[in-house]
Amino acid sequence: MGLRLPESKRLLHNRFLRQLFGSVLDLAPVLGVVLFFQVIVIHQPIPDVGRLVGGMCLVILGLTFFIQGLEQGLFPIGEQMAHALARKGSVFWLIVFAFTLGFGTTIAEPALIAVADEAARIAAQGGVIQNSREAMTNYALGLRMTVALSVGFAIVVGVIRILKGWPLHYVIIAGYIGVVLMTLVAPPEIIGLAYDSGGVTTSTITVPLVTALGVGLSSSIRGRSPMVDGFGLIAFASLTPMIFVMAYGLLI
Amino acid sequence: MKEWALGFADALLETLRDVAPIAAVVLVFQLLVFRKPFSNPHRLFVGFFYVILGITLFLEGLEMALFPLGDLMAQQLTAPDFIGATGTEIQVDWRAYFWVYLFAASIGFATTLAEPALIAVAIKASDISGGAISAWGLRLAVSVGVSIGLALGAYRIVTGTSLYAYIVAGYVIVMIQTAFAPKVIIGLAYDSGGVTTSTVTVPVVTALGLGLASTVPGRNPLLDGFGLIAFASVFPIITVLGYAQIAEWWSRCAERWSNNK
């Protein structure tokens, strides 16, 4: 034991350095693009080099920790939950879990809160709702609830799809048709916002958890392959908000 | 330094608050529904903490370095002086915005490559496919898709054409490709549309969209500023499906060639 400890420590050390180097590579293109445009195209100096370098170091360090935590924490948690659900064999609890995971992670999503407030401002300016603080707060909250419900619904449908083994593209094509049809009848002010709301629901923590859930479920159910059936939850969770938000625009 | 540390502690608390609902759902189910502890809870807890620490550092760094600069560059690139417009004409030629398209394409490519959620999905895909799908290949394919999508999206804002038409056309291409693409890639391709638009890409892209919509004559930021994110979610699906189709076609050609020899 006494001999192996330093070696394992060194391995850990190397692993961290390797990951750090990987993060540097991941971030290098961003830095390259920013420098190229600022210096060569716009012909302007970089406003604050110290901040840029310091910030980039934080980003690189952050990405390194995130990836380490992903493999050590988020993926195993998602997988353990998926296996526990599959072993329990209760469709009821599976659906409750899927819904609360989708709803719970979305309702508190900071990006969504920002977008909902923005949408309330647009609606007030456009005269869709009264231009008062209360009306705007209600509108924003309603929108957040709508999106969170739609994500909960999406994860539930996605999980049922994995259970039943429905081909993914049928579900997605049905979703696309829903989006197209809703666009025809929805008020034009809401369309751009609705299309964008699909993107804001999938946060950095939700994605790994939901992916691990889908892959874990499909690998513990006989007859499902993780590659063919495991993915697709995220896709569905970014489609349904578009439909639901346009429906919200129609009703309000 | 002290101020910075306090600010960082604040940011860390904010991240904790954001992940609290997720942690609550997981804990309630594990303890009350499954009634069994996690295996190796210490390791999981440390991992979860790394994730929170990582996201906080990442966002702090972006806010320090990238977002202000991205805002500034979006303003500078779309400013009438830079475009060469005098401000009197009603319609500026779309070609005047050449650098804007190039900026949209390259910043979309670069930020997508650094997107943590995409890295997560790519690692998972490479793991379960036993390395048949390379994490780098997938990330490159997605980045190329975002890059094309954003350049087209910027073009759409400049010309004022209908968002709806582009997105529906994108959907139709996706559906046609789905019919021909290898089955194993379909779920992954659909998912990669959703993951491109999170932490890094969205703020930069939003600044660009609003900058364009408020400086191009005849555009309304309220109506035209949105929609770039939608472009960034549809086009990666097309490129990932395309990547799989090309890879399959390539390996079939190679096989035929080696059989003939």
Side-chain angles (χ1 to χ4, degrees), chain A residues 26-27 29-30 33-34 37-38 41-42 51-52 54-56 58-59 61-63 65-66 68-70 72-74 76-77 80 84 93 97 100-101 104-105 108 110 122 168-169 172-173 176 180 183 192-193 195-196 198-199 202-205 207-208 211 215 226-228 231-232 234-235 238, chain B residues 18-19 21-22 25-26 29 33-34 38 43-44 47-48 50-51 53-55 57-58 60-62 64-65 69 73 76 99 103 106-107 110-111 113-114 116-117 119-121 124 128-129 163-164 168 171 175 178 183-184 186-188 190-191 193-195 197-199 222 226-227 229-230 233:
Chain A
D26 290 336
L27 264 312
V30 175
V33 169
V34 166
F37 273 86
Q38 187 73 1
V41 179
I42 312 180
R51 268 179 90 80
L52 182 68
M56 275 301 175
L58 289 188
V59 173
L61 206 61
L63 194 60
F65 272 114
F66 175 77
Q68 175 62 32
L70 198 67
Q72 190 180 330
L74 277 188
I77 290 174
Q80 283 188 25
W93 281 117
F97 178 74
T100 38
L101 188 69
T105 53
I122 294 175
L168 174 65
H169 55 273
I172 296 287
I173 287 173
Y176 280 173
V180 171
T183 311
L193 180 83
Y195 281 12
D196 279 0
T202 42
S203 79
T204 317
I205 298 185
V207 167
T211 306
V215 169
M227 206 52 220
V228 175
F231 291 97
I234 305 285
S238 15
Chain B
D18 294 341
V19 300
I22 304 177
V25 170
V26 168
F29 267 83
V33 180
F34 308 138
F38 283 108
R43 200 180 137 77
L44 290 188
F48 201 71
Y50 280 163
V51 166
L53 183 70
I55 289 181
L57 283 170
F58 194 79
E60 281 285 286
L62 285 180
M64 241 169 95
L69 204 56
M73 291 169 74
Q76 286 169 336
W99 286 114
F103 179 69
S106 39
I107 200 79
T111 53
L113 222 43
I119 297 180
V121 170
K124 194 95 227 173
I128 59 172
S129 68
L163 169 67
Y164 178 63
V168 171
Y171 282 172
M175 286 189 211
T178 303
K183 270 224 155 43
V184 288
I186 290 174
L188 189 60
Y190 287 168
D191 270 3
V195 296
T197 47
S198 57
T199 343
L222 299 181
F226 291 100
I229 296 175
S233 325

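To find a chain, count down the sequence lines: A is the first, B the second, and so on, and within it residues start at 1.
Rounding to the nearest 0.5 angstrom, the gap separating the CG atom in Asp191(B) from the CG atom in Leu168(A) is 8.0 Å. Atoms CZ and CZ, from Phe58(B) and Phe65(A) in turn, are 14.5 Å apart once rounded to the nearest 0.5 Å. Taking CG from Leu70(A) and CD1 from Ile205(A), the interatomic distance works out to 10.5 Å, rounded to the nearest 0.5 Å.
Among Ile128(B), Leu113(B), Val19(B), the residue making the largest number of heavy-atom pairs under 4.5 Å with chain A is Ile128(B). Of the listed residues (Leu63(A), Thr211(A), Leu27(A), Leu74(A)), the greatest number of heavy-atom pairs within a distance under 4.5 Å of chain B belongs to Leu63(A). Between chain A and the options Phe38(B), Phe29(B), Phe48(B), heavy-atom pairs under 4.5 Å are most frequent for Phe29(B). Note: Ala65(B) leads Ala65(B), Gly193(B), Ala117(B) in heavy-atom pairs under 4.5 Å with chain A. No other option in Val41(A), Val215(A), Leu101(A), Ile173(A) has as many heavy-atom pairs under 4.5 Å with chain B as Val41(A). Heavy-atom pairs under 4.5 Å with chain A peak, among Met175(B), Lys183(B), Arg43(B), at Arg43(B).
With a threshold of 4.5 angstrom between heavy atoms, Val168(B) approaches chain A through side-chain atoms but not through N, CA, C or O. With a 4.5 Å cut-off on non-hydrogen atoms, Leu52(A) touches chain B through its backbone and its side chain both. For Ile107(B), the parts sitting under 4.5 Å from any heavy atom of chain A are the backbone and the side chain alike. For Thr178(B), the part lying under 4.5 angstrom from a heavy atom of chain A is the side chain only.
The side-chain heavy atoms of Phe37(A) and Trp99(B), taken from C-beta on, include a pair separated by under 4.5 Å. For the pair Tyr190(B)/Ile234(A), no side-chain contact is recorded, criterion being any heavy-atom separation below 4.5 Å from C-beta on.
When Leu58(A), Leu61(A), Val59(A) are each tested for a side chain to side chain contact (heavy atoms under 4.5 Å, CB included) with Glu60(B), only one passes: Leu58(A).
Shown here are the side chain to side chain donor-acceptor pair (under 3.5 Å) partners of Gln80(A), two or more places apart in sequence or in another chain: Ser39(B).
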